[in-house]
Q: 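What follows is a single structure, and I will ask about it in a moment.
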Amino acid sequence: MKNNDFEFIKNKFDNDNITAPDCLDKEKISEMISDKEQVKLKIYKRKSFKTIVSLVACFAVVITAISVAKPLDKNRILSEGSNEISTFSSYHQIENEVKKIEKERYEYKANGSMFGGVIGGIEKGTDSAEGVFNIASEAENDYAQTNMQVDGVAEGDVILNNGKYIFFADNSYSSEDCEVKIYEGTDVISTISIQSDRSYGNYINDMYIYDDKLIINYDKQEKSEESEEFDYSILDYGYTEIYDISNINEPVLKDTFYQSGRFLSTRMIDSVLYLVTMQSLSSSTCKTEEDYAPVISDNDKRATLSVKCICYAENPNNASNMVISALDVNTGKRMNNTKAVFGAGTDLYCNKNNLYIPISTNDDSENAMIQVFRVSLTDDMKISTCMVNGYCRNQFSMDEYNGYFRIATTSIAGVRTISNNLYIFDSELNKVGEVTGFAEGETIQSVRFMQDTAYVITYEQTDPLFTIDLSSPTNPKIMGELKITGFSSMLYPIDENTILGIGYETHMEYGSDITDGMKLVLFDISNKAEPKVMDTKVFKDVHSNAQENHKAFMINKAKGYYLIDYGSYSFNNQKEKAGAITFSIRGGKISVTNQFEMKDTSASDCRTTFIGDNIYAIDYNGHIEAFKYK
């Protein structure tokens with residue numbers, strides 16, 4: 001505080017014939033704040049801001065300057081395109097934010113309003129999905145490998161195979177344990193049990209195979225203190241265990257890591273595994289100020305993340321920490337660059353250079369905004385950010401190509417006026433181009449970026465496919481539009497001129513849209529201004545994981561077919577069915593070559609994989625059946 005500030009306050013009291021209290025003595029205040037952290041306060045003026053400052057306000061400025069913890073400036077909302085970063089200065093500051101959000105949510109609930117929640121549901125020129133869909137590599141493969149959105153950036157799954165053995169995460173147990181079953185053909189040859197210890201339950205999120213290592217990522221709920229009953233003292237942790245499977249019959253646990261929160265998603269680039277978890281915070285669970293910060297543990301070496309490594313989203317609508325860390329599975333060591341963001345992420349997009357995570361920043365769905373956090377994987381996890389209107393559907397709503405970040409969103413404004421947008425940002429996350437307000441009254445169902453073109457599916461009662469030209473980032477334009485019935489929830493590029501849509505057939509019944517089966521649509525995009533439908537196939541009363549999960553869509557390039565799972569439930573005979581469908585695409589036609597049905601399953605859902613001529617279907621109880629491809 002400057003000397004003239006003291007004189008100003010003293011003169012204000014003298015002019016109004018008011019005796020200043022002893023606590024405002026110049027020397028006493030100087031002693032109080034001499035060893036305290038100095039805080040610069042910003043005042044954001046509004047149109048109604050008064051020019052005359054009261055004596056009470058002057059007194060408040062002095063008291064605030066004495067405080068060590070700087071309050072968050074929650075009156076400031078970042079504008080669209082802003083890329084400022086805000087960081088915490090103390091654990092106490094995080095505690096205050098959690099309690100504030102809890103209070104706001106209680107008031108929403110008491111008033112009968114919407115109760116918080118997350119709205120929505122993530123090298124230049126080399127990391128965007130280009131042409132054909134990225135599946136492990138472009139080489140012909142004789143066994144199934146997990147689909148990737150970006151070439152060279154592996155994504156974990158609950159079913160894997162290495163050309164000889166199948167690994168399946170069995171989360172079906174009603175008890176607290178889960179397990180990984182390892183099959184040779186249809187025989188279980190070994191099992192890895194994920195057992196509970198002071199736990200309410202475990203759940204395997206995904207797995208990776210790297211050389212002779214099996215990496216298992218699972219969520220675990222633990223009691224924060226000994227208790228015989230379920231209470232609020234429950235903590236979530238994301239565990240990573242690395243097993244040596246060089247002897248497949250006896251896997252050996254080599255390394256164990258964990259960090260606060262449940263898994264949002266993971267990615268793996270070469271030997272480096274990137275982990276993103278969401279730590280829910282509650283004043284009833286956190287007993288000390290440090291409890292509001294994430295913890296990380298490497299082989300039982302536990303540490304609390306420094307407050308310097310925690311930044312926050314503007315006006316977050318969830319009391320959560322998003323924890324981002326990296327570890328090398330070869331060395332068994334975590335890298336010293338773990339970061340956290342206060343706010344709940346919805347999904348993530350990742351290439352070899354950057355990881356992008358969108359966070360919803362308010363509870364008002366009619367004015368929803370997303371703050372996108374970019375984490376640099378090549379610059380020590382440096383974080384930068386930008387803001388856009390609306391919310392995004394999933395990871396495919398985001399993409400980076402030639403140094404430009406692109407994101408497609410659906411926004412709601414006014415009296416529930418729905419429209420859609422596509423924004424483009426440069427390498428500094430400055431907005432340089434946009435297409436806004438298209439497909440009014442409809443919502444985005446799927447997006448696919450292919451180099452300089454975006455393909456966007458929206459839906460209300462018909463299924464429009466929009467083609468958007470992105471060749472000029474500062475001037476993107478809608479080139480073409482095509483409408484059909486139903487909608488595609490996932491888009492899978494087949495080649496540079498063809499996209500396959502997998503989604504839902506729909507019909508109107510009693511004034512509402514009803515989904516009544518799975519629909520395959522083959523789009524001709526050779527003329528981007530006039531996309532066309534080449535062929536369709538409808539499977540009535542059938543669903544597939546491939547409608548929402550790109551990892552369930554597999555290509556056998558050696559045999560030239562596509563593989564998806566299916567499930568169905570017939571209300572007439574009360575029978576559940578599950579199995580595998582193979583189809584080929586030639587000459588603009590979709591040809592179903594096989595539809596295998598599991599004989600012994602009682603489930604209406606499964607996952608599929610293949611090794612050579614054998615196709616395997618595994619239901620979620622771990623029951624496996626094999627079929628010969630014809």
Q: For the atom pair CD1 (Ile94) and NZ (Lys99), what is the distance rounded to the nearest 0.5 Å?
A: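 Between atom CD1 of Ile94 and atom NZ of Lys99 there are 13.0 Å.
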
Q: Would you say the side-chain atoms of Tyr292 and Glu97 include a donor-acceptor pair closer than 3.5 Å?
A: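 No - no donor-acceptor pair under 3.5 Å links their side chains.
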
Q: Centroid-to-centroid, Tyr237 to Tyr258, below 6.0 Å?
A: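 So the answer is yes for these two rings.
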
Q: Contact between Ile242 and Leu327 at the side-chain level, heavy atoms closer than 4.5 Å - yes or no?
A: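 Ile242 reaches Leu327 side chain to side chain.
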
Q: For the CG atom on Asp270, are there more than 12 heavy atoms of other groups (residues, nucleotides or ligands in this structure) within a distance under 6.0 Å?
A: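 Counting neighbours around CG of Asp270, 12 or fewer heavy atoms of other residues, nucleotides or ligands fall under 6.0 Å, so no.
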
Q: So how far is it from Tyr243 OH to Asp255 CG, rounded to the nearest 0.5 Å?
A: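 Spacing of OH (Tyr243) from CG (Asp255) equals 11.0 Å.
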
Q: For the residue pair Gln149 / Glu155, report whether a side-chain donor-acceptor contact shorter than 3.5 Å exists.
A: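 There is no such pair (donor and acceptor under 3.5 Å, judged by atom type) between the side chains of Glu155 and Gln149.
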
Q: Check the side chains of Thr191 and Glu179 for a donor-acceptor pair under 3.5 angstrom, ignoring hydrogens and angles.
A: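 Side chains of Glu179 and Thr191: no pair found under 3.5 Å.
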
Q: Which pair of non-hydrogen atoms, one from Tyr218 and one from Glu241, has the smallest distance, and what is that distance?
A: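 Nearest heavy atoms, Tyr218 then Glu241: OH-OE2, 2.9 Å.
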
Q: Hey, are Asp298 and Arg334 close enough for a salt bridge, meaning a charged N less than 4.0 Å from a carboxylate O?
A: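 Result for this pair is yes, salt bridge flagged.
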
Q: Can you find a heavy atom in the side chain of Thr409 that is under 4.5 Å from one in the side chain of Tyr391?
A: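 No, their side chains stay 4.5 Å or more apart.
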
Q: Could you walk me through whether Asn299 and Thr256 satisfy the side chain to side chain donor-acceptor pair (under 3.5 Å) test, starting with their C-alpha distance in whole Å, then the side-chain angles of each, then the deciding distance to 0.1 Å, before giving a yes or no?
A: CA-CA 5 Å; Asn299 293 316; Thr256 300; 4.8 Å; no

Q: Can you confirm whether or not the ring centre of Phe88 sits under 6.0 Å from the ring centre of Tyr312?
A: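 Ring centres of Tyr312 and Phe88 closer than 6.0 Å.
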
Q: Under 6.0 Å from the CG atom of Asn247, do we count more than 12 heavy atoms belonging to anything else shown?
A: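 Yes, enclosed.
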
Q: For the atom pair CG (Asn353) and OG (Ser427), what is the distance rounded to the nearest 0.5 Å?
A: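 Reported to 0.5 Å precision, the distance equals 11.5 Å.
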
Q: How long is the gap from CD1 on Ile215 to OG on Ser271, to the nearest 0.5 Å?
A: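 If I round to the nearest 0.5 Å, the distance is 9.5 Å.
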
Q: Is the closest side-chain heavy-atom distance between Thr608 and Tyr616 below 4.5 Å?
A: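 Not in contact.
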
Q: Does a donor on one side chain sit under 3.5 Å from an acceptor on the other, for Asn202 and Asp219?
A: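 Note: Asn202 and Asp219 side chains miss the donor-acceptor criterion.
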
Q: For Ala408 and Cys392, work out which heavy atoms get closest and say how close.
A: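 Nearest heavy atoms, Ala408 then Cys392: O-CB, 3.6 Å.
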
Q: Would you say that Met148 contacts Val150 through its side chain, given a criterion of any heavy-atom pair below 4.5 Å between the two side chains?
A: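 The answer is no, as the side chains (C-beta and beyond) never meet within the 4.5 Å cut-off.
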
Q: I'd like to know if Arg607 and Asp157 make a salt bridge, using a cut-off of under 4.0 Å between side-chain N and carboxylate O.
A: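 Result for this pair is yes, salt bridge flagged.
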
Q: Start with the C-alpha gap between Met387 and Ile370, add the side-chain angles, then the distance that decides, and say whether side-chain contact (heavy atoms from CB on, under 4.5 Å) holds.
A: CA-CA 6 Å; Met387 188 79 76; Ile370 297 172; 5.9 Å; no

Q: Applying side-chain contact (heavy atoms from CB on, under 4.5 Å) between Asn217 and each of Phe257, Tyr239, Tyr208, report the one that passes.
A: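 Between Asn217 and the candidates, side-chain contact (heavy atoms from CB on, under 4.5 Å) is satisfied uniquely by Tyr208.
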
Q: Looking at CG of Asn205 and CG of Leu264, how far apart are the two atoms once the value is rounded to the nearest 0.5 Å?
A: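 Between atom CG of Asn205 and atom CG of Leu264 there are 9.0 Å.
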
Q: For Phe396 and His550, I'd like to know if the aromatic rings sit close, meaning centre-to-centre distance below 6.0 Å.
A: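 Yes.
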
Q: So do Leu214 and Val180 actually touch side chain to side chain, heavy atoms under 4.5 Å?
A: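 SC-SC contact between Val180 and Leu214 confirmed.
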
Q: Once rounded to the nearest 0.5 Å, what's the spacing between atom CG of Asp206 and atom CE of Met268?
A: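 The distance works out to 11.0 Å.
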
Q: Strictly below 4.0 Å, N to O, side chains only: are Glu548 and Arg393 in salt-bridge contact?
A: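 Salt bridge flag = yes for Arg393 with Glu548.
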
Q: With a 4.0 Å cut-off on N to O distance, would you call Asp244 and Lys254 a salt bridge?
A: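 Not counted as a salt bridge, because no side-chain N and carboxylate O are separated by less than 4.0 Å.
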
Q: Under a plain distance cut-off of 3.5 Å, with no hydrogens placed, do Ser283 and Glu102 share a side-chain donor-acceptor pair?
A: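 The answer is yes; a qualifying pair exists.
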
Q: Report yes if some heavy atom in the side chain of Leu160 is under 4.5 Å from a heavy atom in the side chain of Phe168; otherwise report no.
A: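 Not touching, per the 4.5 Å side-chain cut-off.
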
Q: For the pair Glu222 and Lys220, find out whether any cationic side-chain nitrogen is under 4.0 Å from an anionic carboxylate oxygen.
A: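 Counted as a salt bridge, because a side-chain N and a carboxylate O are separated by less than 4.0 Å.
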
Q: Side chain to side chain donor-acceptor pair (under 3.5 Å), that's the test. Do Arg262 and Thr277 meet it? Break it down for me.
A: CA-CA 5 Å; Arg262 302 176 69 85; Thr277 56; over 6 Å; no

Q: Please name the pair of heavy atoms, one in Asp170 and one in Cys178, separated by the smallest distance, quoted to 0.1 Å.
A: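 Taking Asp170 first and Cys178 second, the nearest heavy atoms are O-CB, 3.5 Å.
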
Q: With a 4.5 Å limit on heavy-atom distance, are the side chains of Phe373 and Ile359 in contact?
A: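 Sidechains of Ile359 and Phe373: in contact.
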
Q: Flag the pair Asn354 / Val375 as yes when at least one side-chain heavy-atom distance between them is below 4.5 Å, and no otherwise.
A: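 Side chain of Asn354 against side chain of Val375, heavy atoms only: no contact under 4.5 Å found.
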
